[in-house]
A.B. asks: 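Right, I'll just put the structure down here and ask away after.
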Amino acid sequence: SLTDMPLPANLISTDTRKIPTGCLFFALKGENFDAHHFLLDAQKKGALGLVIDVGWWNQQAPSEQKILQAGGLVLGVSCVRQALIDFAKAYRRQFQLSVIALTGSCGKTTVKEMVASILKEVVLQKETPEKETPEKEKLAIAASRVLYTSGNLNNDIGVPLMCAQLTAQHDYAVFELGANHQGEIALTSDIVKPDVALVNNVGEAHLEGFGSVEGVLQAKMEIYESLSSDGVAIVNADSPFYSHLKDKTRYLKTLTFSDPLQNKHSHAGDADIKLLQVEPLSFSQFLYRAEVQTPLGIFSFSTRLMGRHNIQNSLAAIACVLPFVSDPALIIRGLENVRAVSGRLCYEKVSDHLYLVDDTYNANPLSMQAALSAFDELTSSQYRGFEKIFVVGDMFELGIHSEKAHRDLGSQANLYGVTTMIAIGAFASTAILDFAKEKHAFETHEQAESVLAEKLTSKAFFLIKGSRGARMEKIVQRLKA
């Protein structure tokens with residue numbers, strides 16, 4: 001059977017643009033594509049075998065079947081996507097390693113980067129305990145021992161592809177699990193079988209698929225269902241859904257984290273990891289220093305990441321690694337080494353008169369508020385005299401909640417000191433409705449060109465954000481041109 005094939009799993013592909021020689025190609029079919037149309041192309045580029053839909057195969061002429069069979073192995077299955085999932089499950093279970101899985105409406109990619117960075121320090125302490133090791137060699141060692149989600153490979157196709165990169169050398173794997181419908185996280189967490197699972201937060205994201213925030217909560221909590229009996233559930237004690245999270249994990253080992261300084265209604269008294277104090281740093285490579293109470297004792301760490309909310313993300317990361325770390329110094333170094341991920345609150349100086357924050361990777365109401373808060377903190381403390389310009393694109397997949405969610409952006413921009421708001425997209429007019437200062441609404445990026453050009457003639461600091469489909473990185477490219 002497919003799951004018994006002695007094939008290196010990192011030699012599988014679903015994309016004919018990326019065909020490793022000797023790979024097994026899974027011909028997936030979606031709403032706007034059908035990889036069965038590219039099977040010959042996959043073989044020409046070096047695919048050893050094809051996994052195809054048996055129904056599609058039976059509709060092909062015998063001559064076409066012979067051509068494909070002459071090019072290599074052809075495996076017919078009832079559902080190619082399910083075959084990919086089954087393959088990933090079987091392959092994952094060949095390895096004994098520590099697995100952390102995490103999800104959330106906001107910040108999961110950042111937490112994933114933090115966790116991976118700390119685990120790299122754990123690996124390096126074991127591998128190079130007493131000798132000076134060149135930086136290049138350190139990076140290679142860490143990369144070979146810690147696997148973590150790259151790009152957006154966090155759904156029911158991406159997670160199997162990430163599992164396919166596991167090798168016997170890996171000591172740890174960190175999987176980011178996303179979803180836009182019920183059952184998706186239950187499926188992907190069952191694939192990765194985590195030892196530690198985190199729901200970072202719950203907010204208004206993908207409401208078109210979930211229906212309500214309560215629907216989002218139920219979907220996110222699916223991540224706990226695949227934990228083993230001795231697995232650890234990480235719970236956010238500041239979540240408004242704390243009682244639901246605790247009830248879901250009542251038969252599991254848990255670690256909780258809290259930032260009581262930021263969240264007045266937190267359950268900090270229950271928290272295993274608790275923020276004690278935090279201070280912003282000026283004229284430093286780091287933006288914040290924080291003191292935290294943990295089962296390992298009290299210690300301080302610093303972060304280069306923009307935004308007060310990233311302190312809470314740090315607490316979540318600390319909770320995730322505690323089952324594997326006994327030395328706080330490794331946590332401190334790991335957190336200090338984390339840099340901003342491209343498109344996620346990336347601060348950049350373009351010129352003496354132009355600065356920007358690129359947060360264009362994705363957006364939902366929760367991450368919008370976090371970005372505006374971080375923008376306000378940065379500009380209020382260090383960039384007085386600069387115009388604060390919020391360039392915002394549509395938030396996708398909010399369904400019946402779209403109108404209200406976009407209208408709320410105007411009042412939030414008022415609250416966080418924005419001086420000019422430029423909205424682009426189908427909900428642009430709605431987004432600026434309640435904004436009190438200079439505002440502009442456009443349907444397309446091109447229509448915003450003249451206003452952007454005008455703003456570049458004075459001292460300006462831009463925050464650019466929108467959902468992936470809004471393609472707001474085009475604005476970043478324009479400003480940097």
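These values consider heavy atoms only, across backbone and side chains, with no hydrogens, waters or symmetry-generated copies.
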A.B. asks: Does a donor on one side chain sit under 3.5 Å from an acceptor on the other, for D238 and Q312?
C.D. replies: yes

A.B. asks: Under a plain distance cut-off of 3.5 Å, with no hydrogens placed, do S189 and E222 share a side-chain donor-acceptor pair?
C.D. replies: no

A.B. asks: Starting at NZ of K474, measure out to OG1 of T444 and round the result to the nearest 0.5 Å.
C.D. replies: 9.5 Å

A.B. asks: Report yes if the side chains of S367 and D359 come closer than 4.5 Å at any heavy-atom pair, otherwise no.
C.D. replies: no

A.B. asks: Side-chain donor-acceptor pair under 3.5 Å between D272 and T256, yes or no?
C.D. replies: yes

A.B. asks: With a cut-off of 6.0 Å (strictly less than), are more than 12 heavy atoms of other residues, nucleotides or ligands near CD of E443?
C.D. replies: no

A.B. asks: Around H244, counting heavy atoms of other residues, nucleotides and ligands shown, do more than 12 lie under 6.0 Å from its NE2?
C.D. replies: no

A.B. asks: Is the shortest side-chain heavy-atom distance between L356 and Y347 below 4.5 Å?
C.D. replies: no

A.B. asks: Run the side chain to side chain contact (heavy atoms under 4.5 Å, CB included) test on L456 and H353 for me, step by step, so that the C-alpha distance in whole Å, both residues' side-chain angles and the decisive distance to 0.1 Å come before the verdict.
C.D. replies: CA-CA 8 Å; L456 291 175; H353 296 283; over 6 Å; no

A.B. asks: Hey, can you tell me if F461 and F375 have their rings parallel, tilted or perpendicular (30° and 60° cut-offs)?
C.D. replies: perpendicular

A.B. asks: Let me see the working for T103 and E176 under side-chain hydrogen bond (donor to acceptor under 3.5 Å, both in side chains), right down to the final yes or no.
C.D. replies: CA-CA 6 Å; T103 190; E176 175 185 329; over 6 Å; no

A.B. asks: Quick one: is the NZ or CZ of R145 closer than 6.0 Å to the six-membered ring centre of Y172, and within 45° of its axis?
C.D. replies: no

A.B. asks: Pair K108, N154 - check side chain to side chain contact (heavy atoms under 4.5 Å, CB included), show working.
C.D. replies: CA-CA 10 Å; K108 55 183 176 289; N154 64 7; 4.1 Å; yes

A.B. asks: Can you tell me if CZ on F396 sees more than 12 non-hydrogen neighbours from other groups inside 6.0 Å?
C.D. replies: yes

A.B. asks: S411: what forms a side chain to side chain contact (heavy atoms under 4.5 Å, CB included) with it, not counting sequence neighbours?
C.D. replies: none

A.B. asks: For L261 and I311, what are the C-alpha separation, side-chain angles and deciding distance, and is it a side chain to side chain contact (heavy atoms under 4.5 Å, CB included)?
C.D. replies: CA-CA 11 Å; L261 308 181; I311 298 299; over 6 Å; no

A.B. asks: Do N180 and E397 have side-chain heavy atoms sitting under 4.5 Å apart?
C.D. replies: yes

A.B. asks: Taking atom CD of E113 and atom CG of L335, what is their separation to the nearest 0.5 Å?
C.D. replies: 12.5 Å

A.B. asks: Is it the case that T419 and K388 place a side-chain donor and acceptor less than 3.5 Å from each other?
C.D. replies: no

A.B. asks: Could you tell me if the ring centre of Y355 sits under 6.0 Å from that of F386?
C.D. replies: yes

A.B. asks: Output, in order, the C-alpha distance, side-chain angles, deciding distance and verdict of side chain to side chain contact (heavy atoms under 4.5 Å, CB included) for M114 and L305.
C.D. replies: CA-CA 11 Å; M114 291 174 170; L305 299 183; 3.6 Å; yes

A.B. asks: Looking only at the side chains, is there a donor atom on one of H401 and E403 sitting less than 3.5 Å from an acceptor on the other?
C.D. replies: no

A.B. asks: Please examine the side chains of L177 and F175, heavy atoms only from C-beta on, and report whether any two atoms are closer than 4.5 Å.
C.D. replies: yes

A.B. asks: Would you say the side chain of L378 lies within less than 4.5 Å of the side chain of Y383, judging by non-hydrogen atoms?
C.D. replies: yes

A.B. asks: With a 4.5 Å heavy-atom cut-off, do E348 and D358 have their side chains touching?
C.D. replies: no

A.B. asks: Testing T149, V99, L102 one by one against V174 for a side-chain contact (heavy atoms from CB on, under 4.5 Å), which residue passes?
C.D. replies: L102

A.B. asks: With side-chain hydrogen bond (donor to acceptor under 3.5 Å, both in side chains) as the test, pick out the partner of N313 among T110, T303, N200, T109.
C.D. replies: N200

A.B. asks: Looking at E121, Q169, K120, which one forms a side-chain contact (heavy atoms from CB on, under 4.5 Å) with V146?
C.D. replies: K120

A.B. asks: Rounded to the nearest 0.5 Å, how far apart are CG of L153 and SG of C163?
C.D. replies: 11.0 Å

A.B. asks: Is it the case that over 12 heavy atoms from other parts of the model lie below 6.0 angstrom from the NZ atom of K29?
C.D. replies: no

